[in-house]
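See below for the structure under consideration.
Letters A, B, ... are given to chains in the order of the sequence lines, protein chains preceding strands, and every chain is numbered from 1.
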2 protein chains.
Amino acid sequence: MKCINLSSEEKLKEAAKSVFLRKGFAGTTARDIADAAGMNIALTNYYFRSKEKLFVEIFKDLFSLYCTNTVKILEKPIGLKEKIIEIIEEDYRMMKEEPTLVLFIMTEIHRDCENLLPELSKYKELLKGMFIDQIAEEVRKGSMRDIEVEHLMPIIIGSLQFVFVGKNMHMKMYSMSEGQFDNYTETHKNHVIGMVTNYLFQSA
Amino acid sequence: MKCINLSSEEKLKEAAKSVFLRKGFAGTTARDIADAAGMNIALTNYYFRSKEKLFVEIFKDLFSLYCTNTVKILEKPIGLKEKIIEIIEEDYRMMKEEPTLVLFIMTEIHRDCENLLPELSKYKELLKGMFIDQIAEEVRKGSMRDIEVEHLMPIIIGSLQFVFVGKNMHMKMYSMSEGQFDNYTETHKNHVIGMVTNYLFQSA
DNA sequence: TAAGATTTTAAATGTTTGTTTAAAATTTGT
DNA sequence: ACAAATTTTAAACAAACATTTAAAATCTTA
């Protein structure tokens, strides 16, 4: 009977997740991971076969963390304006909790798009579904600007995610501490909510 | 008399720039650079002392490419609305020419912020200057929403740069070819211009 | 064209990389 | 408590890494 000690495997995976998030796949060594976990160098391969297999497993988790909550909101039976505000608020919460996540996702998809593609396709379908119909309905009613979902999503989440993608740059550029950055992003989130709803539901 | 063959040095630097842009510092090997330049592996160290020194030199050029044109527009003696539209248009041109530039800049500043900081401080001052006064004046006149430059810049450039940062993700997510991505970004740019000017100059 | 300076090359440097091995330690099942 | 299975360890592995060396090739200049 296979009875893996989940504690060690999980500890290793959590350590690897933390290191990968900070340094990316190319910038992370097997020894970085072992050190972060306080475990022997051989255990990564014992539990996960290879650095890359461990990475792919972690990437899936993190891409899910990046998408799942947003997709859940997309499926909610609420009005579009309310929905968009909720998405921005949820996106903000997610990035506040894991500020390096978006840059990590973008960097790794850029590095190895084909290999990480399967993970992407799963969310491709979810993004559409009832959300597209809802947009079409609002546009038909004239209560919303005519816009495709491909443009809507980056308009909703782009500006705020960009602030986190460039966290270090913005902190240095505007001489901010961590605490000041928190205030900064919250204010920015409110600007984005105002700007986006203003643009999309101007006539309302 | 020191008389370096600029042709070889420049060829090597251009090749390195191309590889670094695509694979980043951590993902690029000395052999990648030599191969891309079609030159001997030892020449990187002959001309630039080390991989890192070559990288820093290239990063400076690319960060300048990222900032300079925008800063130039900031200093123009034109109205704020016109200025903001010009910045978006120029940003779009820059990213169309070098689509991986923004992700590269963000990734490398994240990786080694302290070492690349000096490059940043140079533009820190330029960003302020007369631009801040111009914003204050427009806000005072009531022709513009009250907003700080720290929030204004990401609001202007964030959404569009985000689309390029996530180029591969967006292409896969929405099943776009390179040509379709070009059309997509141009349309998105126009959305951003509309949304941003609408938000900032609503009363006008 | 010959001497000197510069550029390019192939080879080797010592590290660091991801991964494997085989033995030791620990846990599990009886 | 003992045998078997599992986990952990230290050591070693070849391959890849950035960099150096010293000789060969090329270019400069007088």
Side-chain angles (χ1 to χ4, degrees), chain A residues 1-62 104 107-108 111-112 114-116, chain B residues 1-62 104 107-108 111-112 114-116:
Chain A
M1 196 211 301
K2 203 167 187 179
C3 185
I4 292 170
N5 179 353
L6 285 178
S7 168
S8 270
E9 187 177 340
E10 282 288 309
K11 198 162 64 177
L12 193 56
K13 193 170 166 180
E14 284 307 308
K17 188 183 287 185
S18 158
V19 180
F20 278 140
L21 264 172
R22 188 156 30 89
K23 314 220 279 177
F25 179 77
T28 298
T29 73
R31 279 158 188 85
D32 288 337
I33 296 171
D35 289 353
M39 297 170 86
N40 188 277
I41 173 77
L43 288 177
T44 291
N45 294 74
Y46 177 73
Y47 284 112
F48 302 97
R49 311 259 317 274
S50 75
K51 175 193 166 189
E52 194 177 356
K53 283 191 173 62
L54 170 56
F55 175 81
V56 171
E57 212 170 291
I58 286 171
F59 180 86
K60 282 181 188 173
D61 295 347
L62 291 175
F104 169 84
T107 303
E108 300 305 332
R111 178 184 60 84
D112 192 11
E114 292 310 316
N115 196 30
L116 303 172
Chain B
M1 196 211 302
K2 203 167 188 181
C3 186
I4 292 170
N5 181 355
L6 284 178
S7 170
S8 272
E9 187 177 341
E10 282 288 309
K11 198 164 60 177
L12 192 57
K13 193 170 167 180
E14 284 307 308
K17 187 182 288 185
S18 158
V19 180
F20 278 140
L21 264 171
R22 188 156 30 90
K23 315 221 276 176
F25 179 77
T28 298
T29 72
R31 278 161 189 84
D32 288 337
I33 296 170
D35 289 353
M39 296 170 87
N40 188 278
I41 175 77
L43 288 178
T44 291
N45 294 72
Y46 176 74
Y47 283 112
F48 301 97
R49 309 259 317 275
S50 75
K51 176 192 165 189
E52 195 177 356
K53 283 190 173 62
L54 170 56
F55 175 81
V56 171
E57 211 169 292
I58 285 171
F59 180 86
K60 282 182 188 173
D61 294 348
L62 290 175
F104 169 84
T107 303
E108 300 305 333
R111 179 184 59 83
D112 191 12
E114 292 311 315
N115 196 28
L116 303 172

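For the side-chain hydrogen bond (donor to acceptor under 3.5 Å, both in side chains) test, no residue two or more places apart in sequence or in another chain qualifies with E14(B). Remark: K23(B) pairs with D32(B) by the side-chain hydrogen bond (donor to acceptor under 3.5 Å, both in side chains) rule, at least two apart or across chains. For D35(B), the side-chain hydrogen bond (donor to acceptor under 3.5 Å, both in side chains) criterion is met by no residue, not counting sequence neighbours.
The two atoms that bring I33(B) and L54(B) nearest to each other are CD1-CD2, 4.3 Å, heavy atoms only. Closest non-hydrogen pair, K53(A) versus F48(A), comes out as CB-O, 3.3 Å. A34(A) approaches I41(A) most closely through the heavy-atom pair CB-CA, 3.8 Å. Closest non-hydrogen pair, E52(B) versus N115(B), comes out as OE2-ND2, 3.3 Å.
Both cation-pi conditions hold for R111(A) and F55(A): the charged atom is under 6.0 angstrom from the six-membered ring centre and inside a 45 degree cone around its axis. A cation-pi arrangement is found for K51(B) relative to F25(B), the charged atom lying closer than 6.0 Å to the ring centre and inside a 45° cone about the ring normal.
Distance, L12(A) CG to dT9(D) C1': 14 Å, rounded to whole Å. One atom, CD of E9(B), and another, C1' of dT6(C), lie 13 Å apart when rounded to the nearest Å. If you take CG of L43(A) and P of dG18(C), they are 15 Å apart, rounded to a whole angstrom.
In this structure the side chain of L62(B) never reaches within 4.5 angstrom of the side chain of E108(B), judged on heavy atoms.
Within residues 48-62 of chain B, no residue has any heavy atom closer than 4.0 Å to DNA chain C. Within residues 31-42 of chain B, the residues that have a heavy atom under 4.0 Å from DNA chain D are, in order of number, R31(B), I41(B), A42(B).
Between Y46(A) and the phosphate of dT19(C), there is no side-chain N or O to OP1/OP2 separation shorter than 4.0 Å. For the pair S8(B) and dT8(C), the criterion of a side-chain N or O lying under 4.0 Å from OP1 or OP2 is met.
Outside the 6.0 Å centre-distance limit, the rings of F20(A) and F104(A) are not counted as a close aromatic pair.
Axis angle across the helix from dT1(C)-dA30(D) to dT17(C)-dA14(D), with five pairs used at each end and values rounded to 10°: 20°.
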